[in-house]
Amino acid sequence: MEFNNVLLEKEGNIAIVTINRPKALNALNSETLKELNAVIEDLENDKEIYCVILTGSGEKSFVAGADISEMKDLDSKGGKEFGLLGNKVFRRLENLDKPVIAAISGFALGGGCELAMACDIRIASEKAKFAQPEAGLGITPGFGGTQRLPRLVGEGKAKELIYTCVMVKADEALAIGLVNKVVPLDKLMDEARTMAKAICSNAPIAVKTCKDAINRGMQVDIDKAIEIEVGDFGSCFDSLDQKEGMSAFLERREKNFQNK
């Protein structure tokens with residue numbers, strides 16, 4: 001499938017997905033969201049990909065938000081449909097059975113901040129800036145911002161950021177827990193690749209099962225969450241990678257995981 005706005009590259013076990021609308025600061029329109037959905041479907045079916053890096057084209061912007069020119073004349077029905085599309089794609093990304101690292105170069109505003117929050121890990125350049133500016137445009141965040149932001153930074157801080165529409169620089173984003181790490185812009189993709197390679201060095205089945213346990217466990221009470229963890233823990237013992245990992249440890253040799 002030919003894409004106009006999204007690039008997909010594969011480097012061994014790592015996929016690099018780039019939102020590629022630099023003239024629009026990589027803003028998300030319906031076409032881009034549908035292309036991203038198709039890319040995620042490709043990655044779901046690719047058993048050779050163990051980790052994904054998601055970034056934006058150019059240095060100015062990761063994703064500057066949803067496309068305002070497309071949203072401007074929508075009515076409530078159209079607005080809801082656009083919100084449902086964005087949320088469907090972001091949830092699919094969030095539930096992808098392999099870790100996703102957001103490499104954030106510049107602006108991550110509105111839908112861009114929401115896209116980053118749907119990833120597992122966020123690495124920001126020192127030039128990155130974050131905001132949920134929707135209230136200043138007469139709308140609410142519509143791609144999960146009112147739900148993921150409080151889960152990441154706490155309810156009070158999320159309300160402050162959403163109500164005021166204030167822009168947060170990379171160092172503050174790190175301090176409040178919105179991002180995992182801040183690096184110089186010219187080191188951003190190197191850092192993302194280094195982390196992705198570290199993830200890929202572990203048993204792929206175990207990593208994806210860890211993601212499942214965390215994602216599902218965070219949505220329920222602690223007792224149910226422990227049940228989820230124990231079930232996922234037990235399932236790993238049916239894998240050849242568990243046998244390999246423990247045998248290699250006891251035999252003091254290098255591991256050779258097969259994703260089986």
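Basis for what follows: all heavy atoms, side chains included, without hydrogens, waters or symmetry-related copies. Residue numbers run from 1 in the order of the sequence given.
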Exercise for review: Identify whether F233 and I205 are in the same connected component of the hydrophobic contact network (ILVMFWY, side-chain heavy atoms under 4.5 Å).
Suggested key: no

Review point. Do L174 and L149 share a hydrophobic cluster, counting only Ile, Leu, Val, Met, Phe, Trp and Tyr and linking them when any side-chain heavy atoms are less than 4.5 Å apart?
Key: yes

**Study point:** Contact summary for C113 and L178, nearest pair of heavy atoms
**Key:** SG-CD2, 4.4 Å

Check your understanding: How long is the gap from CE on M218 to CD1 on I214, to the nearest 0.5 Å?
Key -> 9.0 Å

**Study point:** Same apolar cluster: L28 and I68, side chain cutoff 4.5 Å
**Key:** yes

Exercise for review: Scan residues 166-176 for pairs that pass salt bridge (charged side-chain N to carboxylate O under 4.0 Å, His left out), counting only residues two or more places apart or in two chains.
Suggested key: K157-E172

Review point. When you check the gap from the basic side-chain N to the acidic O, do R92 and E44 get nearer than 4.0 Å?
Key: yes

Review point. Looking at L96 and V100, what are the two nearest heavy atoms and their distance?
Key: CD2-CG2, 3.9 Å

Review point. Salt bridge between K211 and D120, side-chain N to carboxylate O under 4.0 Å?
Key: yes

Exercise for review: Answer with yes or no whether the side chains of E31 and N5 bring together a donor and an acceptor at under 3.5 Å.
Suggested key: yes

Check your understanding: When rounded to the nearest 0.5 angstrom, what distance separates CD in E9 from CD1 in I53?
Key -> 10.0 Å

**Study point:** Under 3.5 Å: donor-acceptor pair, side chain of S247, backbone of E244
**Key:** no

**Study point:** With sequence neighbours excluded, residues passing ring pair (Phe, Tyr, Trp, His ring centres under 6.0 Å) with F249
**Key:** none

Check your understanding: Counting N and O atoms only, with roles assigned by atom type, does the side chain of S61 sit under 3.5 Å from a partner on the main chain of G106, one being a donor and the other an acceptor?
Key -> no

Check your understanding: Does the distance from a Lys or Arg side-chain N to an Asp or Glu carboxylate O, for R216 and D212, drop under 4.0 Å?
Key -> yes

Check your understanding: Listed by chain and number, what are the side-chain hydrogen bond (donor to acceptor under 3.5 Å, both in side chains) partners of K181, not counting sequence neighbours?
Key -> E191

**Study point:** Under the side-chain hydrogen bond (donor to acceptor under 3.5 Å, both in side chains) test, residues paired with N180 that sit two or more places apart
**Key:** none

Review point. Are any of the side-chain heavy atoms of E114 and M117 separated by less than 4.5 Å?
Key: yes

Exercise for review: Taking all non-hydrogen atoms of both residues into account, name the closest pair between A158 and V153 and its distance.
Suggested key: N-CG2, 3.7 Å

Practice item. Check the pair I123 / L188 against side-chain contact (heavy atoms from CB on, under 4.5 Å), numbers first and verdict last. Key: CA-CA 7 Å; I123 302 175; L188 178 62; 3.8 Å; yes

Practice item. Could you pull out all residues at least two apart from N87 that satisfy side-chain hydrogen bond (donor to acceptor under 3.5 Å, both in side chains)? Key: none

Review point. Which residues pass the salt bridge (charged side-chain N to carboxylate O under 4.0 Å, His left out) test with K23, sequence neighbours left out?
Key: none

**Study point:** Partner residues of K10 under the salt bridge (charged side-chain N to carboxylate O under 4.0 Å, His left out) criterion, sequence neighbours left out
**Key:** D42, D46

Check your understanding: What pairs of residues pass the side-chain hydrogen bond (donor to acceptor under 3.5 Å, both in side chains) test when at least one of them lies in residues 130-144, not counting sequence neighbours?
Key -> Q132-E134

Check your understanding: Can you tell me how far CD of E35 sits from CG of L8, rounded to the nearest 0.5 angstrom?
Key -> 11.5 Å

Check your understanding: When you look at N26 and F107, which way does the side-chain contact (heavy atoms from CB on, under 4.5 Å) test go after all the steps?
Key -> CA-CA 10 Å; N26 304 321; F107 293 119; over 6 Å; no

Review point. Below 4.0 angstrom, N of the basic side chain to O of the carboxylate: do E94 and R148 qualify?
Key: yes

Study note, to complete from the structure: Across all chains, not counting sequence neighbours, the ring pair (Phe, Tyr, Trp, His ring centres under 6.0 Å) partners of F143 are F82, F90

Exercise for review: Examine distances only and state if a side-chain atom of N259 and a backbone atom of K47 form a donor-acceptor pair shorter than 3.5 Å.
Suggested key: yes

Exercise for review: Determine, step by step, whether L85 and S30 satisfy the side-chain contact (heavy atoms from CB on, under 4.5 Å) criterion, reporting the C-alpha distance in whole Å, the side-chain angles of both residues, the deciding distance to 0.1 Å, and the verdict.
Suggested key: CA-CA 8 Å; L85 173 61; S30 296; 4.1 Å; yes

Review point. Is the CG atom of L74 crowded by more than 12 outside heavy atoms at less than 6.0 Å?
Key: yes

Point to revise | Heavy-atom closest contact (S105 atom, G58 atom, distance) | key: OG-O, 3.4 Å

Check your understanding: Got a sec, which residues hit salt bridge (charged side-chain N to carboxylate O under 4.0 Å, His left out) with E227, two or more places apart in sequence or on another chain?
Key -> K224

Review point. Are any of the side-chain heavy atoms of K98 and K208 separated by less than 4.5 Å?
Key: no

**Study point:** Side chain to side chain, V6 and V17, heavy atoms closer than 4.5 Å
**Key:** yes

Practice item. Give a yes or no on whether V182 and I176 share a hydrophobic cluster (residues Ile, Leu, Val, Met, Phe, Trp, Tyr; joining criterion: side-chain heavy atoms under 4.5 Å apart). Key: yes

Exercise for review: Work out which heavy atom in L93 is nearest to a heavy atom in L115; give both atom names and the distance.
Suggested key: CD2-CD1, 3.7 Å

Revision key, fill the gap. Residue set satisfying salt bridge (charged side-chain N to carboxylate O under 4.0 Å, His left out) with E254, at least two apart, ordered chain then number -> none

Point to revise | CG on D241 to CG on N256, rounded to 0.5 Å | key: 8.5 Å

Check your understanding: Under a 4.5 Å side-chain heavy-atom rule over Ile, Leu, Val, Met, Phe, Trp and Tyr, are L33 and L54 clustered together?
Key -> yes

Exercise for review: Please say whether more than 12 non-hydrogen atoms of neighbouring residues, nucleotides or ligands are located less than 6.0 Å from CD in E251.
Suggested key: yes

Practice item. Would you check if Q219 and R151 make a side-chain contact, meaning some heavy-atom pair closer than 4.5 Å? Key: yes

Review point. Heavy-atom distance under 4.5 Å between the side chains of V52 and P99, does that happen here?
Key: no

Check your understanding: Are any of the side-chain heavy atoms of R122 and L152 separated by less than 4.5 Å?
Key -> yes

Check your understanding: When you measure from the side chain of N37 to the backbone N and O of V89, does any donor-acceptor pair fall under 3.5 Å?
Key -> no

Practice item. Return the set of residues passing side-chain hydrogen bond (donor to acceptor under 3.5 Å, both in side chains) with D232 (not counting sequence neighbours), or none when no residue passes. Key: none

Point to revise | Closest heavy-atom pair and its distance - T18, G56 | key: CG2-C, 3.8 Å

Review point. Can you find a heavy atom in the side chain of L137 that is under 4.5 Å from one in the side chain of M71?
Key: no

Review point. Does G12 offer a backbone N or O that forms a donor-acceptor pair with the side chain of E48 under 3.5 Å?
Key: no

Exercise for review: Check whether any side-chain heavy atom of M195 sits under 4.5 Å from a side-chain heavy atom of I121, and report yes or no.
Suggested key: yes

Check your understanding: Distance from I40 atom CD1 to N45 atom CG, nearest 0.5 Å?
Key -> 12.0 Å

Point to revise | Atom CD of E59 with >12 non-hydrogen neighbours under 6.0 angstrom | key: no

Check your understanding: Is it the case that T32 and N29 place a side-chain donor and acceptor less than 3.5 Å from each other?
Key -> yes

Point to revise | Gap separating the OG atom of S57 from the CG atom of L7, nearest 0.5 angstrom | key: 7.0 Å

Exercise for review: Show your reasoning for whether salt bridge (Lys or Arg N to Asp or Glu O under 4.0 Å) applies to E81 and K88.
Suggested key: CA-CA 10 Å; E81 288 174 352; K88 171 191 168 186; over 6 Å; no

